[in-house]
Amino acid sequence: MLRVYNTLTKTKEPFETVEPGRVGMYLCGPTVYKPSHIGHMVGPVIFDAIKRYLVYSGYQVTWVVNITDVDDKLINESNARGMPMAKLAEEMTADYMRNITAMGVDAIDHFPRCTATMPEIIRFAQDLIDKGFAYAAKGDVYFDVSKDKDYGKLSRRELEAMQGEGGGMAERKRNAADFALWKSAKPGEPAWDSPWGPGRPGWHIECSAMSKKILGETFDIHGGGLDLVFPHHENEIAQSECCHGRPMARYWMHNGLMQASDEVGKLGGRSTKPMEGDLAAQEAGKISKSKGSAPFSELLKRFPAEAIRFFLLSTHYRRPIDYSEARIAEVQTGMETFYRFLKRFERISGESFYALDAPRTRKASDFGPGDGPLLQAVVAEREKFLEAMDDDFNTGGGIASLFDLVRLLNKYADDEKLEDPAKREPAKLHQLKRGTQVFKEIAGALGLFRKPVEEKSTVADDGLTAKLMSLLIELRAEARKKKDFAAADRIRNGLAEIGVILEDRPSGTEWSAK
RNA sequence: GGCGCUGUAGCCAAGUGGCUAAGGCAGCGGAUUGCAAAUCCGCCACCGUGGGUUCGACUCCCACCAGCGCCUCCA
């Protein structure tokens, strides 16, 4: 039984969808005005794993991630660069797509763009005016929060306490907390025609319009970063629920934010410390404001994408993540265990792990009783994994099962001496294979180990390297036979110095470039 | 000031009202190995502090301390 934490109720609730067997999921995507940084990857990676797990659990899932391609920040940035907003948005969208694809996020079904949803957005705003929840004022349109009795229910705020947007818009609003559905364009700004004159959508309306367009008036999961609870999601709820008279989403899921813990200093609460001109500290803390928030593409050059994905999934999604490169490097070390096992499996079985058939759904993965001690243990481990994931997508707990599973499989290969080709009885290989299939099955539910990591080609391989290596290995084998260990070790140590590791096994010596 | 989150081993990080408190990194023993590498086995936590509830709390409640988020169009 899957249980999901709902920000709306602040409890874990049993997961029940609007339509049996189907899930509609909306994740607030990026405003494409700058290259994405690692913080932008948190939501996509987590919700990618969530979608995979839901699909694995038998649901048919439609996942929508919006692209905000009109917005004040975009206008500012395009002015600063002297580049048309549309071109800037296009470039930054491409950057975002490259990054999430590298992270293995390829299960998003729709990427609606704000600029391509104008008719629906305008109609939505008009609907709200018609129903008395919004009003036009000098080319702007505002949502009237005083008309919404439920306003504040997501973030649990009292209306009185809200300050609202400041600036020149304030005097056109009836209440300080009213927010813009439509903003009139200043001369030279990108604009779309509307019943209220040329302008652009407010920040929140696009998500209401797009989610309605693709997922309907009530859908199952609405996700985003914790920072979006207020005002963004609060306002989306206000718009959609006032417009439709029914709940917008059943489950509101919010991921913790990434923090650059070791690169920046401490950041005190705003009211507790006056922050006397300490801009650096103000810029610190949350990574999106941090100066150290380098483009994600840079990070990808230094670490394998899968290690970053693993890192993001190793913490529970609702907790903040402390980001540091040292941590990613640590995770990378840990992952070697898996890659080594995958190679070991291929060496022993002669089959490719990545080509291995594995169950795609938990239903399809049934083991009968009497499958032997190894598979009994494997199935028990799989149960632990499912239990963790069923509990609000506890990927951190699930990853522990991955490690335990590999240990089980390694131990079996050790105990049965499967490195020795003579000991590879078909029945034993079969056991190992079934166990490995389960590993692949649950790793796949997290979106891990789906594709071979690209071999970094440190040498232009024309076959020469391989030939030289086999010659060296042969020479060393002869030396070892003659108990000339000095010579053997000299070869191994010498190769180690230039980054080539030799490993002796019953089946022969293998080499790998570090 | 308002709303809220977090505090588990050297580091990261799951989890539970009572059985030996996951897993990873680092470290230390051992098996294996000619020696290594890899693998396996073992060791390494009185769960922020002080109270309370309870037969019993790390797990529930209160207070405090520390760190953090939002209340300002950040994912």
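Each chain gets a letter, A, B and so on, in the order its sequence line appears, and its residues count up from 1. Bear in mind the structure is a predicted one, so any value in this text is a computation, not a measurement.
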Practice task
Classify the nucleic acid contact of A:S401 as base, sugar-phosphate or nothing, counting any heavy atom under 4.0 Å across all strands shown.
Solution key: nothing
Fill in the blank from the handout: pair_partner(B:rC60), Watson-Crick or wobble, both distances < 3.5 Å, evaluates to B:rG52
Handout entry: A:K343/A:E510 salt bridge by N-O under 4.0 Å criterion
Key = no
Handout entry: Most 5' of A:G396 and A:V42 on RNA chain B, judged by nearest nucleotide
Key = A:G396
Exercise for the section: Whole angstrom is fine here: how far is it from CG in A:L312 over to P in B:rA75? Expected result: 16 Å
Practice task
Measure from CG on A:D322 to C1' on B:rC5 and round the result to the nearest Å.
Solution key: 13 Å
Exercise for the section: Round to a whole Å and report the spacing from CG of A:D392 to C1' of B:rG15. Expected result: 14 Å
Exercise for the section: Would you mind reading off the distance between A:I321 atom CD1 and B:rC68 atom P, rounded to a whole angstrom? Expected result: 18 Å
Practice task
Indicate, with a heavy-atom threshold strictly under 4.0 Å, whether A:P30 touches base, sugar-phosphate, or nothing.
Solution key: sugar-phosphate
Handout entry: SB check A:D109 A:K51 (cutoff 4.0 Å)
Key = yes
Practice task
Taking the six-membered ring for Trp and the full ring for Phe, Tyr or His, determine whether the centres of A:F449 and A:F338 are under 6.0 Å apart.
Solution key: yes
Handout entry: Between B:rG23 (C1') and A:F439 (CZ): distance, integer Å
Key = 14 Å
Practice task
For nucleotides B:rC46 and B:rU59, find the distance between their C1' atoms and express it as a whole number of Å.
Solution key: 15 Å
Exercise for the section: Give a yes or no on whether a salt bridge exists between A:K384 and A:E381, defined as a side-chain N under 4.0 angstrom from a carboxylate O. Expected result: yes
Problem - A:I328 CD1 to B:rC12 P, straight-line distance once rounded to whole Å - result: 15 Å
Handout entry: Under 4.0 Å protein heavy-atom contact, by nucleotide of nucleotides 31-41 of chain B - B base, S sugar-phosphate only
Key = ---BBBBSBSS
Exercise for the section: Using the C1' atoms only, state how far B:rU33 lies from B:rU39, rounded to an integer number of Å. Expected result: 11 Å
Handout entry: P spacing across the pair B:rG42 / B:rA21, given as an integer number of angstrom
Key = 15 Å
Handout entry: C1'-based separation of B:rG2 from B:rG10 [nearest Å]
Key = 39 Å
Handout entry: Atom-pair distance (CG on A:L228; C1' on B:rA75), nearest Å
Key = 6 Å
Exercise for the section: Flag the pair A:D390 and A:K12 as a salt bridge only when some basic side-chain nitrogen lies within less than 4.0 angstrom of an acidic carboxylate oxygen. Expected result: no
Practice task
Determine, for A:E503 against A:R505, whether the closest basic-nitrogen to carboxylate-oxygen distance falls under 4.0 angstrom.
Solution key: yes
Problem - Atom C1', compared across B:rA13 and B:rU49: separation rounded to whole Å - result: 23 Å
Exercise for the section: Measure centre to centre between the rings of A:H204 and A:F179, then say whether the value is under 6.0 Å. Expected result: yes
Practice task
Could you check which of B:rA75, B:rC70, B:rA14 has an atom nearest any side-chain atom of A:T31?
Solution key: B:rA75
Fill in the blank from the handout: To the nearest angstrom, the CZ-C1' distance between A:R318 and B:rA75 comes to 18 Å
Handout entry: Residue whose nearest RNA chain B nucleotide is more 5′ - A:W203 or A:R319
Key = A:R319
